[in-house]
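Chain naming here is simple, since letters A, B, ... match the order of the sequence lines and numbering starts at 1 in each.
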Amino acid sequence: MTTITQGHAAQDHAHDSHGPARGLSRWLFTTNHKDIGTLYLLFALVMLFVGGGMALVIRAELFQPGLQFVNPEFFNQMTTMHALIMVFGMIMPAFVGFANWMIPMMIGAPDMALPRLNNWSFWILPFAGTILLSTLFMDGGGPAAGWTLYPPLVLQSGNSLAFAIFAVHLLGMSSILGAINIIVTVMNMRAPGMTLLKMPMFVWTWLITAYLLILVMPVLAGGVTMLLTDRFFGTSFFQAAGGGDPVLFQHIFWFFGHPEVYIIILPSFGIISQIIPTFSRKPLFGYSSMVYATAGIAFLSCIVWAHHMFTVGMPLAGQMFFMMSTMLIAIPTAVKVFNWTATMWRGSLSFETPMLFAIAFLFLFSIGGFSGVMMAIAPVDFQYHDTYFIVAHFHYVLVPGALFAAIGGAYFWLPKWTGHMYDETLGKIHFWLSAVGVNLTFFPQHFLGLAGMPRRIPDYATQFADWNAVSSVGAFLFGFSQLMFVYIVVKCIRGGKQATAQVWDNPEGLEWTVPSPAPYHTFDEAPLIK
Amino acid sequence: MTTRQDIDPELQRRIRRNALMVGGFALLIFVLYIVAVALKVAG
């Protein structure tokens, strides 16, 4: 990738006569990609603590056998809402926030292609989140059938299901509108000379993610719409009593659900691909193979969905197909891990906080990847299915995977966003507390799962007590150490050492050619890329 | 070359066309899935 600017006009503020509006209206009516990116990131941070609080309720209850704090119905609501909030309310908006902030700056565009749509995409979210959370206070409580919303169990929910489904519709709509904006921006707004194969990896991963979103989000919307009509309008899409097929819902859900995993992890890959070369002081190894690997992962993610449902009793040929196709994903993923490692090889490495999070991502995401390959083996999956081994697996992918990438990305670009360097010492302490906490929380869950502890239960046999206690201690350590992240971010916004335009040691990319903090309007005139 | 002050009408048309195409595709998938499931269940 080459992004060398020729006499760019990024610092030309002659036309910046209109800065941000003042007060609340700036945030309500803004069409500026940086403001909207900030809103997305703040919303995600708030939701991290809302969903994290639910996780701590779960871990407090599971600290020891027996029922301690909450009744089983509320426990089930917590597992369901924790997942919905974290997936749709936290991690996806966080990456859309990064996309909003960085993509226009990385491709030399003045803003997103559809700025008003961008504003709308964000402002749907707080309403959707509020509707979803409000279900907890309704008669019968919130949805409690798991985030997968499987019928027939979910069809026994109270009236709050209608609100939950409406919230999922809104969250999905926001994602689709965001994806439209990203695709249109990348395809139409690149600076002259910024060919597709010169785009930074973060932009590539987001472009492919946006196509995935367009492909699978409407499928989820269709699935939950049918659930809604089954529950409230007497249809029988998924009700066996009326001739419907409950397993069909599982197919529909996972046709969305598995690509959803990659919708979350591909932008993480993009962020890691920006961080590692910067702190290795080398260009990314195998750039074009990274692009093709990303596209390969996206394609494969659409043909593996039934590995989530080996136990429903599918034909042997189906099991073989989904087992093999799932294992194939390990190949492009290994290409990526190899390329990151090769980028570091003989590089002039330094270990600032973003790099620490990136290296931890490499190791810990790989653990999640390996346990994924284990579960792809159909006969073995019969043993793991619905145990804590699954919980350990997907949390390794999503927490030290996606969340670490997001936190690492935040540290990486905070100086560009705020104009100040964050406190490096505190950042490193935050990293080590998080790294220890996350492993204490999730590694023992592998043992619990292999020993047969089922997921989504508020009570368990005493043989599982020790590792559950360890896991809960780790969860509280991890959860409370994130308060430190908030402190570091607030401190960085309020002041600190002035950041230079480059911030880091000779980083690559257009975003580092504009001053820090990035001006409210960048690239009034498109930069030229050699 | 596009600047914020002077937005190329052709680029605007292209952006609008692209957005409608991508959004229309999403809508099509939504409808097709419901129709497909309805046909499967009815059959």
Side-chain angles (χ1 to χ4, degrees), chain A residues 9 15-18 108-115 117 172-173 175-177 179-185 187-189 191-192 210-211 213-223 225-226 229 235-239 242-245 248-249 251-252 255-256 521-528, chain B:
Chain A
H15 304 294
D16 279 356
S17 51
H18 61 291
D111 206 307
M112 297 294 278
L114 303 153
L117 188 78
M173 201 162 82
S175 292
I176 289 171
L177 296 179
I180 291 172
N181 216 342
I182 287 167
I183 291 172
V184 176
T185 302
M187 299 315 275
N188 294 287
M189 304 281 283
Y211 277 113
L213 275 165
I214 293 295
L215 187 67
V216 303
M217 271 307 196
V219 177
L220 173 72
T225 303
M226 289 181 268
T229 59
T235 59
S236 294
F237 290 109
F238 308 124
Q239 305 220 57
D245 184 356
L248 194 56
F249 178 83
H251 282 288
I252 289 173
F255 184 79
F256 145 80
H521 297 298
T522 33
F523 304 122
D524 278 335
E525 287 183 26
L528 290 175
Chain B
M1 184 181 298
T2 308
T3 69
R4 196 173 17 259
Q5 283 72 33
D6 178 27
I7 295 173
D8 177 4
E10 170 54 28
L11 178 65
Q12 273 190 321
R13 265 196 299 278
R14 214 167 64 215
I15 286 173
R16 203 169 299 141
R17 199 171 55 233
N18 279 190
L20 286 173
M21 273 167 57
V22 180
F25 179 68
L27 198 61
L28 186 71
I29 295 177
F30 173 72
V31 174
L32 278 182
Y33 252 79
I34 295 182
V35 172
V37 172
L39 290 175
K40 167 89 169 57
V41 171

In terms of heavy-atom contacts, B:Ile29 and A:Ile214 come closest through CD1-O, 3.8 Å
Smallest heavy-atom separation, B:Val41 atom then A:Phe237 atom, equals CG2-O, 3.4 Å
Applying a strict 4.5 Å limit to non-hydrogen atoms, the region of A:Leu213 in contact with chain B is neither
Scored by heavy-atom pairs under 4.5 Å with chain A, the best of B:Leu32, B:Val22, B:Leu28, B:Leu27 is B:Val22
Bottom line for B:Ala38: the part with an atom under 4.5 Å from chain A's heavy atoms is both
Most heavy-atom pairs under 4.5 Å with chain B, out of A:Gly223, A:Ala191, A:Gly222, A:Gly242, belong to A:Gly222
Residues A:Ile180 and B:Gly23: closest non-hydrogen pair is CD1-CA, 3.6 Å
Per-residue tally against chain B (heavy atom, under 4.5 Å) across A:Leu220, A:Asp245, A:Leu248, A:Val184 peaks at A:Val184
Greatest number of non-hydrogen atom pairs under 4.5 angstrom with chain B, of A:Thr225, A:Thr235, A:Ile176, A:Leu117, falls to A:Thr225
The interface call for A:Phe255 against chain B, heavy-atom contacts under 4.5 Å, is side chain
Legend entry - Side-chain heavy-atom pair B:Asn18, A:Ile183 within 4.5 angstrom cut-off: no
d(A:Asn188 CG, B:Glu10 CD) to nearest 0.5 Å is 9.5 Å
Greatest number of non-hydrogen atom pairs under 4.5 angstrom with chain B, of A:Gly243, A:Ala221, A:Ala179, falls to A:Ala221
Under 4.5 Å to a heavy atom of chain B? For A:Tyr211 that would be neither
Whatever's closer than 4.5 Å to a heavy atom in chain B on A:Thr185 counts as neither
